Amino acid sequence: MVISSNALAYIDVINKYLALLAKGDVRGIVSLFSPQGMVNSPFLGVQPAGAFFDQLKAATRRSVLENPEVFVSGVGSRRATVCFTYQWELADGSHVSFRCVDLFDFDEQGLIATMTIIYDTAPIRAEVGDKYRRADAS
């Protein structure tokens with residue numbers, strides 16, 4: 001097993017990301033990404049980090065992240081993940097809770113190059129539906 005020499009830095013970035021996500025601090029979150037940073041979301045597809053987090057903020061009243069566990073690559077790559085339960089209160093007051101994994105690929109400077117969000121959308125698709133779009137249209 002080979003742990004990246006930057007593993008502690010990746011863990012630090014992910015912990016900052018989680019704190020900023022819980023606060024809804026879009027600019028702070030985006031500052032953790034490279035200028036070309038992208039997010040791959042099960043609901044919204046692939047888009048620039050700023051656009052994704054602006055949409056998430058518009059669709060969100062409150063976020064609570066429970067039991068986060070951060071994992072770093074065991075083969076020395078610039079990759080780390082965090083698994084957590086996302087307690088999401090949407091802008092319309094509805095609540096959704098789900099377990100998810102965010103997969104981070106870092107660039108050479110230690111910024112997030114891509115983040116891939118992984119979760120089973122089937123149980124929550126009926127709850128959330130197109131609420132991102134409605135938040136966008138407001």
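What you see is a predicted model; the values in this text were computed from it and never measured. Excluded from the calculations below are hydrogen atoms, water molecules and symmetry mates; all remaining heavy atoms, backbone and side chain alike, are included.
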Residue pair P68 / L18: nearest heavy atoms and the distance that separates them: CB-CD1, 3.7 Å
K16 and D25 ion-paired at < 4.0 Å: no
Heavy-atom side-chain contact between Q87 and H95 under 4.5 Å: no
Among Y17, F33, Y10, ring pair (Phe, Tyr, Trp, His ring centres under 6.0 Å) partner for F106: Y10
Aromatic plane relationship, Y86 with F84 - under 30° parallel, 30 to 60° tilted, over 60° perpendicular: perpendicular
R62 atom CZ: more than 12 heavy-atom contacts under 6.0 Å: no
Donor-acceptor contact below 3.5 Å, side chain N6 vs main chain A9: no
Separation of I117 CD1 from S41 OG (nearest 0.5 Å): 4.5 Å
Shortest non-hydrogen separation from A80 to I14 and the atoms involved: CB-CD1, 3.6 Å
Value rounded to 0.5 Å, distance of OG in S63 from NZ in K23: 13.0 Å
Interatomic spacing from CD1 in I112 to CG in D105 - rounded to 0.5 Å: 10.0 Å
hydrophobic_cluster_shared for L21 and L111, side chain cutoff 4.5 Å: no
Separation between CG of D102 and OG1 of T81, rounded to the nearest 0.5 Å: 9.0 Å
Parallel, tilted or perpendicular, as decided by the 30° and 60° cut-offs, for the rings of Y119 and F43: tilted
Inter-residue atom distance C83.SG - R99.CZ, 0.5 Å rounding: 3.5 Å
ILVMFWY network linking I118 to F52, side-chain heavy atoms under 4.5 angstrom: no
Shared hydrophobic cluster for V39 and L20 (ILVMFWY, side-chain gaps under 4.5 Å): yes
Same apolar cluster (I L V M F W Y, side chains within < 4.5 Å links), V72/L8: yes
Where A58 and A91 come nearest, the two heavy atoms and their spacing: O-CB, 3.7 Å
Linked, directly or transitively: L65 and V26 (ILVMFWY side chains, under 4.5 Å): yes
For the student: nearest non-hydrogen atoms of G28 and S31, plus distance: O-OG, 2.6 Å
Exceeds 12 heavy-atom contacts within 6.0 angstrom, atom CD of E108: no
Heavy-atom side-chain proximity of L103 to M115 below 4.5 angstrom: no
Heavy-atom closest pair, residues D54 and R27: OD1-NH2, 2.8 Å
Sub-4.5 Å side-chain heavy-atom contact between M38 and N40: no
Short side-chain donor-acceptor distance under 3.5 Å, W88 and T60: yes
Residue pair R61 / L90: nearest heavy atoms and the distance that separates them: CB-O, 3.5 Å
